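Here's the structure we're looking at; comments come further down.
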Amino acid sequence: MALRDTRANQLDKFIEDNLLPDTPFRTQVREAVDIICTFLKERCFRGAAHPVRVSKVVKGGSSGKGTTLRDRSDADLVVFLTNLKSFQEQLLHRGEFIQEITRQLEACQREKRFKVKFEIHNSPRANPRALSFMLTSPQLDQGVEFDVLPAFDALGQLTRGYRPDPKVYIQLIEECESLGKEGEFSPCFTELQRAFLRDRPTKLKSLIRLVKHWYQECKRRNGKEGALPPQYALELLTVYAWERGSGSPEFNTAQGFRTVLELVRKHQDLCIYWENYYSLENPIIGRYLKKQLGKPRPVILDPADPTGNVAGRDPGSWWLLAQEAAIWLRYPCLTECNGSPVSTWEVQPRLRAELLLSKETKLTAAQSPAAGETEAKRLCQPALPAAGSPARSIVMALRDTRANQLDKFIEDNLLPDTPFRTQVREAVDIICTFLKERCFRGAAHPVRVSKVVKGGSSGKGTTLRGRSDADLVVFLTNLKSFREQLRRRGEFIQEITRQLEACHREKKFKVMFKIHNRHMANPRALSFALTSPQLDQGVEFDVLPAFDALGQLTRGYRPDPKVYIQLIEECESLGKEGEFSPCFTELQRAFLRDRPTKLKSLIRLVKHWYQECKQQLGKPLPPQYALELLTVYAWEQGSGKTEFNTAQGFRTVLELVRKHQDLCIYWENYYSLENPIIGCYLKKQLGKLRPVILDPADPTGNIGGGDPRSWQRLAEEATAWLSYPCLKKWDGSPVDSWHVPPRKDSYWTHEACDDCQHWEFSPRPITLQGGRPPLEEENWSCVIL
């Protein structure tokens with residue numbers, strides 16, 4: 001069955017049946033690649049007139065990234081040569097190296113050294129970029145097409161989490177501009193292109209295969225080579241669509257496919273880039289990036305090579321592909337069984353205004369002051385900042401700040417200023433008043449609001465400057481249990497939505513509402529933006545209806561254990577652990593309320609670092625709340641003082657992130673082991689796979705749980721950051737970290753023996769004879785059930 005005739009809910013099966021390479025095919029291609037790699041490394045340049053040394057041979061293209069289509073037997077091999085000392089030298093001498101490779105391949109063919117046959121495709125170009133040839137063998141069902149590209153080894157040996165020295169990109173930019181050869185040297189960054197996709201979910205790679213298959217279908221319809229944009233642009237567009245629209249390892253393939261096609265139709269607005277390996281922080285790279293992003297659309301920058309706009313130069317090729325996309329949107333593969341179109345993810349065709357392109361760059365790109373102003377407005381839309389993407393300070397980035405200047409960095413860049421706090425407070429007051437006094441007055445059945453509580457960063461006092469968002473938890477006396485909250489929250493959100501829209505129509509407030517998630521069947525929260533002439537920027541709200549499990553709280557309040565017993569029993573019966581954390585918002589606030597101001601500043605710094613990582617890596621990452629709790633834990637165990645060294649605290653948190661596989665952290669401020677039901681449940685929670693970070697207010701919420709790969713990705717980024725100036729002393733030595741164990745109290749076990757079905761936890765550390773501390777395995781005992 002052809003792709004266009006496949007039902008939307010059968011696309012995963014279509015990919016599995018038609019696009020995923022089978023094991024024999026992969027094995028054959030791997031054997032062919034091994035033959036050529038061995039030839040290039042060990043035989044090819046042995047008899048050259050001048051000594052030539054191969055530093056490495058790297059498999060690139062779809063084979064290297066793990067996105068090969070079935071029966072597409074081709075491979076790119078990049079040969080890194082120590083004889084090439086610059087990008088310019090690569091351009092000058094690659095022809096002679098290609099001649100030598102050709103000569104040696106032909107010699108092997110004559111001498112029958114391998115049981116293979118080479119068919120070399122001679123390029124008419126005087127200075128070809130690659131040598132293209134086919135390898136055939138009786139052992140191969142079909143020939144394998146190769147492109148071999150000689151390259152300058154600009155990066156050297158790479159490790160996981162590697163980020164190039166900015167000097168590499170400065171050299172690249174300078175040589176590209178002097179030679180007029182932007183994007184010419186992307187083979188030098190093949191390993192980074194591979195790493196960019198390496199840890200992405202399997203299903204995303206399957207979606208990339210589907211988009212590539214669609215592209216090949218379009219290519220067959222449109223005939224000659226070059227009539228369509230480069231295929232690599234479609235691969236990157238698919239990654240962007242997933243990052244911005246889903247970010248989850250599991251998603252609806254048809255939705256992802258349709259989203260990519262919708263972005264193709266919006267090609268005139270595409271402006272996409274990543275900062276995994278380069279960024280605006282270096283002034284030379286930053287200026288160049290701004291120039292690149294100011295070029296006519298579409299712009300899709302190679303994540304490994306800032307000189308490469310992989311969208312191509314012919315806008316007509318995108319117009320052809322957009323026409324194809326519009327036709328395909330009507331086919332069965334993108335429509336539901338009832339004939340309605342498959343829904344798409346909400347993805348903007350360009351990144352929002354984080355870059356804040358300089359006026360000079362905007363004018364250059366637009367060619368005139370008037371056009372420059374228009375372009376500036378277009379680039380900086382919309383007015384609301386993207387969630388999770390605060391505007392970046394390009395004056396002094398965190399990583400380049402000296403360790404002893406971190407307190408000043410926080411004060412200058414992260415602490416909200418008074419006008420900002422006042423504006424957000426006014427916006428919150430408007431919504432709180434609306435929820436308490438107006439919202440439910442006209443409801444069909446009487447609804448009473450017992451209290452509205454500000455949660456999230458605003459409630460805890462850890463808001464970052466420019467992050468204008470607020471969580472408001474509406475406690476309703478109509479909800480009598482956690483189960484009832486889950487069942488009925490949708491109807492209360494509908495009523496809030498209805499009343500907000502009525503206020504907007506009646507112009508009761510001098511504000512505007514823009515409601516986001518109106519189409520979800522049973523949303524946890526109502527998300528909307530509030531704007532007003534009095535506010536410099538909009539304020540994003542999440543309003544969450546909740547069961548008032550705690551009642552009225554006083555300072556020092558500790559819940560009755562019955563509250564947590566009810567929570568545990570209902571969570572276990574519903575299979576919804578952590579679902580009801582909004583009910584405990586006041587305890588989450590109280591947990592941080594009396595902490596030192598400097599600790600809250602450290603939390604802001606860690607959150608800013610997390611947002612930097614999020615911009616670099618995209619999803620998945622652990623929840624930000626997990627990093628906040630990890631910071632509190634690091635301070636409690638490592639310092640506990642009102643005044644401390646910020647760089648030491650920051651480094652300690654990053655070291656704990658690197659030890660995520662050992663993290664087991666909890667608090668007993670509001671619940672403890674004393675009650676047998678709560679105690680038994682806590683032991684089960686603490687026995688789960690690491691990392692475990694229990695919400696101090698909600699024992700059912702393991703904030704550290706979820707996808708362990710998300711922690712691994714953050715740990716790799718933390719490792720890279722440990723070498724930056726913000727964590728180095730003046731002499732270049734690393735800042736000291738506090739001595740903080742990754743587990744709270746070593747007597748808590750993190751593994752049991754094979755015969756053990758239950759753990760027995762000691763309530764206090766054990767001391768053995770002679771006063772020596774116990775060995776780790778002596779800190780717990782098994783109970784055979």
Side-chain angles (χ1 to χ4, degrees), residues 29-30 33-34 36-41 44 53-68 74-87 89-91 94 97 101 129-131 146-173 175-176 181-200 204-205 208 230-233 235-236 239 273-279 285 300-308 310 616-618 709 712-713 715-717 719-720 723:
V29 173
R30 193 182 308 117
V33 169
D34 288 344
I36 301 302
C37 283
T38 303
F39 160 77
L40 290 167
K41 286 187 285 189
C44 184
R53 185 166 168 266
V54 176
S55 61
K56 56 191 172 186
V57 179
V58 176
K59 184 168 62 171
S62 300
S63 300
K65 297 171 198 159
T67 59
T68 309
D74 55 88
D76 294 348
L77 294 179
V78 184
V79 189
F80 291 96
L81 303 164
T82 57
N83 302 57
L84 299 174
K85 304 298 183 185
S86 67
F87 300 104
E89 242 184 280
Q90 173 182 321
L91 186 66
R94 66 189 180 190
F97 290 112
I101 297 169
R129 193 166 183 248
L131 170 64
F146 282 93
D147 280 336
V148 174
L149 303 94
F152 160 48
D153 190 1
L155 301 176
Q157 294 302 313
L158 275 64
T159 55
R160 187 175 285 270
Y162 172 89
R163 186 180 172 95
D165 189 316
K167 291 176 183 176
V168 172
Y169 286 121
I170 292 170
Q171 180 185 358
L172 171 69
I173 289 165
E175 291 193 41
C176 279
K181 293 287 184 180
E182 290 178 312
E184 182 73 21
F185 305 106
S186 64
C188 301
F189 303 93
T190 294
E191 290 164 285
L192 296 184
Q193 291 169 342
R194 285 175 47 171
F196 180 72
L197 266 179
R198 181 175 51 214
D199 295 327
R200 305 285 183 169
L204 172 58
K205 294 180 183 178
I208 291 172
Q231 181 174 273
Y232 187 31
E235 296 178 40
L236 293 178
V239 174
Y273 65 100
W274 288 266
E275 294 187 81
N276 297 48
Y277 304 117
Y278 53 78
S279 71
I285 300 171
I300 303 175
L301 293 192
D302 186 331
D305 174 8
T307 71
V310 302
Q616 294 277 359
L617 304 174
R709 289 175 304 174
Q712 182 58 37
R713 297 174 77 226
E716 289 170 6
E717 195 68 10
T719 302
S723 63

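Keep in mind that this is a model prediction, so the values were computed, not measured.
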Donor-acceptor check, side chain of R129 to backbone of E184, threshold 3.5 angstrom: yes or no? yes
Donor-acceptor under 3.5 Å (S723 side chain, T719 main chain): no
Would the distance check show the side chain of S63 and the main-chain N or O of A75 forming a donor-acceptor pair, the cut-off being under 3.5 Å? no
K56 side chain vs K41 backbone, donor-acceptor pair below 3.5 Å: no
May I ask you to decide if F196's main-chain N or O and R200's side chain share a donor-acceptor pair within less than 3.5 Å? yes
Check the pair L81 / V54 against side-chain contact (heavy atoms from CB on, under 4.5 Å), numbers first and verdict last. CA-CA 5 Å; L81 303 164; V54 176; 3.8 Å; yes
Say whether S55 and D153, considering side chains only, have a donor N or O and an acceptor N or O under 3.5 Å apart. yes
Has the side chain of R194 got a donor or acceptor atom that lies under 3.5 Å from a matching backbone atom of G60? no
Can the ring centroids of F189 and Y169 be said to lie less than 6.0 angstrom from one another? yes
Starting from the C-alpha separation in whole Å, work towards a yes-or-no answer on side-chain contact (heavy atoms from CB on, under 4.5 Å) for L301 and Y278. CA-CA 11 Å; L301 293 192; Y278 53 78; 3.7 Å; yes
Please confirm whether the backbone N or O of A720 pairs with a side-chain atom of R163, one donor and one acceptor, at under 3.5 Å? no
Check: E175 and F152 side chains under 4.5 Å, non-hydrogen atoms: no
Derivation and outcome, side-chain contact (heavy atoms from CB on, under 4.5 Å), residues N276 and L192: CA-CA 9 Å; N276 297 48; L192 296 184; over 6 Å; no
Take V33 and F146 through the test side-chain contact (heavy atoms from CB on, under 4.5 Å) and record every step on the way to the result. CA-CA 9 Å; V33 169; F146 282 93; 4.0 Å; yes
Are any side-chain N or O atoms of N83 and backbone N or O atoms of R53, one a donor and one an acceptor, separated by less than 3.5 Å? yes
